[in-house]
Amino acid sequence: MEGIKYSTVSEIAGPLIIVEGIREVGYGEIVKIESHGEERMGQVLEAAEGKAVIQVFEGTRGLDTKATSVVFTGKPMEIGVSTEMLGRVFDGKGMPIDGAPSPIPEDIRNVNGFPMNPSAREYPRDPIQTGISTIDGMNTLVRGQKLPIFSGAGLPHNELAAQIARQAKVTGQEEEFAVIFCAMGITAEEADFFMKDFEETGAIERSVLFLNLANSPVIERLIAPKVALTTAEYLAFDKGMHVLVILTDMTNYAEALREISAAREEVPGRRGYPGYMYTDLAQIYERAGRIQGKKGTITQIPILTMPDDDITHPIPDLTGYITEGQIVLSRELHHKGIYPPVAVLPSLSRLMAEGIGEGRTREDHHQLSNQLYAAYAEGCDLRDLVAVVGEEALTERDKKFLEFADEFEQRFVKQGKDEDRTFEETLNLGWELLSMLPKAELKKIDDKYIAKYYRG
C-alpha cells in the first residue's frame, strides 16, 4: 500500500532488489529506496503475492539487505511535460543536465503512454525533407512513419543523426516542427558532440535532448526512450506539432534489456536476449503515427548498430518486422570516403509511394527514383563482371552504366555534412545523372517526363 515502509529486502542482484511480505503492489509502480540516509528511486519489475522485484535507477552499489527500506508510492513512472522543454537537455530520466532549472510542467504524463487505437490511426502521407538525397530521393521519409537506420560500429551514424536533426523540415506550409533526440548508452565524448552540434547550429531551439551516458545505471537506458516519446506525444497530439523522434542507439537499449533479463534469471531467447524483446521494441516503435482529428504527427528514426554488421542479428531482424523499411549504411562506401555511406540497394521506405508525387514532392519523383535504382543496380552488377572478365569485354552501353554507378555514388550519395538539399535539388541531380544514359535506356519513365527533364 502507498506510504507503507518495508524493511524486508531479502536479496540484491545486479540492479535489482527483492522485497518480501508486501501487499497490493502494482507492476511498473515507482518506489523510494532509503539506505544509510540516502534516497534512490526504483520501479517494480515484477509483482507477485507477497514479493516484488524492483529495478533501482541509480544502481544498487552500497545497498545492503539489513539497512535498506522501501516505500511504494502507488504511482507509475511519470514526467512533467511542457513546451518549455524545447531548447533543453535532460538525462534519461527527464532531469535537466544543462544547468538550468526544471521547466514548469503543463501536465504530468505516465511514461509508458497509452496504446494508439488502430481504428483512430491515419495513414502517413506527407513527406519530411531531411536534406539527404539518398533518403529524400530514394527512400522518402513520411510523416508518421518509423524508418530505422541500420549502421555498424565505426560508421558515421552519429553525424548522420545530427545532420537529420538539424535539417529535417516539413515543406510547403508553415507548420510547427520539433525534434526529440534521445541518445542511449553514449560516451561523454559523444554527448559533448551532440550538445555542441545542436547549440552551434541553432537546432537546439526547436529540439529536446535526452542523453543517457554509458556510465549511467542500466535501467535509465530502458526509461530514456519512453520519457522521450511521452514528451513527443504531448508536443504532437496536445500542441499540434510535427515531431521527429531520433533514437540512438537501439542496440544499447536491447543490451540493457538483456542485462536486466539475466539479473532476473529469465530463460534467454535468441543470442541471450529475452523472448519478449519483440514486444518491448514494438511498444517503443508503435508510438509513432498520426491520429484522426489531431493536427500533429510523430515520426521515428531509430538508429541501431548491427553487431558484426549482421543484418540477421535479432535486434535489426525484429526491428525490420515492426518498422516500415530501413536505411542501411555501407562499410564499403565508408571506406571509399563517401558520406553519408547509405547503401541504396538494400535500403527501403515502404511508405514512400504514398508520400511523394505531385503536390507533395514532384510529379516525376516515383518514376525517377525507380530508374535511378535500376541503373545503379545494373552498374553494380557490371562491377562484379569487370572483376572477372576485365573492362575490355564490356560494350559501350555497359561502360555507360559502369560510369553512371561511379558518378551516382560520388555526386548523388556523397554530400557534405552541412549540405542541405531540397527535394527539387535532389530530383534535378537525379536527372543530371540519368542524362549520362541514352534516352532509350530510360524504360521506367514516361516520355512526357523525359521531354521535360532529360538534359542530354
Side-chain angles (χ1 to χ4, degrees), residues 113-132 134-150 164 167-180 225 228-247 250 278-279 281-303 318-328 346-370 373 422-423 426-427:
F114 299 97
M116 210 182 278
N117 186 338
S119 65
R121 279 185 181 269
E122 217 169 87
Y123 202 84
R125 291 191 190 282
D126 301 296
I128 289 176
Q129 181 180 295
T130 65
I132 312 285
T134 42
I135 297 176
D136 294 349
M138 309 296 288
N139 303 285
T140 313
L141 178 65
V142 181
R143 268 184 264 169
Q145 183 178 9
K146 37 202 184 290
L147 184 65
I149 294 175
F150 290 178
I164 292 171
Q167 297 179 176
K169 58 182 76 69
V170 174
T171 57
Q173 59 250 25
E174 289 300 313
E175 303 251 22
E176 285 194 280
F177 189 79
V179 174
I180 306 287
L229 286 161
T230 303
T231 308
E233 285 165 352
Y234 177 73
L235 294 176
F237 303 133
D238 288 66
K239 296 299 177 182
M241 300 176 80
H242 296 293
V243 183
L244 174 63
V245 181
I246 298 174
L247 303 169
M250 290 305 294
Y278 178 90
T279 314
L281 291 173
Q283 285 174 341
I284 292 173
Y285 297 146
E286 291 297 344
R287 288 173 77 172
R290 304 174 65 181
I291 298 178
Q292 288 171 13
K294 300 274 189 184
K295 185 184 170 190
T297 59
I298 296 177
T299 308
Q300 269 190 39
I301 298 184
I303 297 171
L318 297 178
T319 295
Y321 283 125
I322 304 162
T323 54
E324 294 118 6
Q326 71 274 337
I327 305 294
V328 181
S347 296
L348 168 72
S349 171
R350 292 192 183 97
L351 301 184
M352 173 176 171
E354 301 294 334
I356 61 173
E358 198 166 1
R360 291 192 170 90
T361 53
R362 209 167 71 182
E363 77 275 15
D364 59 315
H365 189 162
H366 196 258
Q367 292 185 17
L368 172 67
S369 168
N370 287 345
Y373 186 96
T422 63
F423 279 122
T426 288
L427 298 176

Which heavy atom of [X] sits nearest to which heavy atom of [Y], and what is that distance?
{"X": "Pro148", "Y": "Gly325", "answer": "CD-O, 3.0 Å"}
{"X": "Ser369", "Y": "Met138", "answer": "O-CE, 3.6 Å"}
{"X": "Pro124", "Y": "Arg143", "answer": "CB-O, 3.1 Å"}
{"X": "Ala282", "Y": "Ile322", "answer": "N-CD1, 3.7 Å"}
{"X": "Phe423", "Y": "Pro127", "answer": "CZ-CB, 3.8 Å"}
{"X": "Ala178", "Y": "Met241", "answer": "CB-CE, 3.7 Å"}

Any donor-acceptor pair under 3.5 Å linking the side chain of [X] with the backbone of [Y]?
{"X": "His365", "Y": "Leu427", "value": "no"}
{"X": "Ser347", "Y": "Val328", "value": "yes"}
{"X": "Gln300", "Y": "Ile284", "value": "yes"}
{"X": "Gln326", "Y": "Pro346", "value": "yes"}
{"X": "Thr299", "Y": "Gly144", "value": "yes"}

If we count only N and O atoms by modelled type, under 3.5 Å, do the side chains of [X] and [Y] hold a donor and an acceptor together?
{"X": "Thr130", "Y": "Asp136", "result": "yes"}
{"X": "Arg287", "Y": "Thr230", "result": "yes"}
{"X": "Gln145", "Y": "Ser349", "result": "yes"}

Quick one: pull up [atom1] in [X] and [atom2] in [Y] and give me the separation to the nearest 0.5 Å.
{"X": "Leu351", "Y": "Asn139", "atom1": "CG", "atom2": "CG", "value": "11.5 Å"}
{"X": "Thr323", "Y": "Phe150", "atom1": "OG1", "atom2": "CZ", "value": "5.5 Å"}
{"X": "Ile327", "Y": "Ile303", "atom1": "CD1", "atom2": "CD1", "value": "11.0 Å"}
{"X": "His366", "Y": "Thr140", "atom1": "NE2", "atom2": "OG1", "value": "9.0 Å"}
{"X": "Ile132", "Y": "Ile164", "atom1": "CD1", "atom2": "CD1", "value": "5.5 Å"}
{"X": "Phe237", "Y": "Thr297", "atom1": "CZ", "atom2": "OG1", "value": "7.5 Å"}

*Kindly determine whether Leu235 and Ile180 satisfy side-chain contact (heavy atoms from CB on, under 4.5 Å), including the steps that lead there.*
CA-CA 10 Å; Leu235 294 176; Ile180 306 287; 3.9 Å; yes
With a 4.0 Å cut-off, would you call [X] and [Y] a salt bridge?
{"X": "Glu286", "Y": "Arg121", "result": "yes"}
{"X": "Lys239", "Y": "Glu176", "result": "no"}
{"X": "Glu122", "Y": "Lys294", "result": "no"}
{"X": "Asp238", "Y": "Lys295", "result": "no"}

*Which is it for Val179 and Val243 under the side-chain contact (heavy atoms from CB on, under 4.5 Å) test, yes or no, and what are the steps along the way?*
CA-CA 6 Å; Val179 174; Val243 183; over 6 Å; no
*Pairwise side-chain contact, Leu247 with Ile301, heavy-atom cut-off 4.5 Å (strictly under)*: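 Counting from C-beta outward, Leu247 and Ile301 never come under 4.5 Å.
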*pair Gln283-Tyr278: side-chain heavy atoms closer than 4.5 Å*: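 Counting from C-beta outward, Gln283 and Tyr278 never come under 4.5 Å.
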_Could you walk me through whether Glu354 and Val142 satisfy the side-chain contact (heavy atoms from CB on, under 4.5 Å) test, starting with their C-alpha distance in whole Å, then the side-chain angles of each, then the deciding distance to 0.1 Å, before giving a yes or no?_
CA-CA 8 Å; Glu354 301 294 334; Val142 181; 5.8 Å; no
*asked:* For Glu358, I'd like to know if atom CD has over 12 heavy atoms of other residues, nucleotides or ligands within 6.0 Å.
replied: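 It does not: Glu358 CD has 12 such atoms or fewer within range.
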_I'd like to check the side-chain hydrogen bond (donor to acceptor under 3.5 Å, both in side chains) partners of Lys169; sequence neighbours left out, ordered by chain and number._
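Residues passing side-chain hydrogen bond (donor to acceptor under 3.5 Å, both in side chains) with Lys169: Asp420.
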*asked:* Please evaluate residues Glu324 and Leu147 with respect to the criterion side-chain contact (heavy atoms from CB on, under 4.5 Å), reporting the C-alpha separation (whole Å), side-chain torsions for both, the decisive distance (0.1 Å), and the verdict.
replied: CA-CA 6 Å; Glu324 294 118 6; Leu147 184 65; 6.0 Å; no
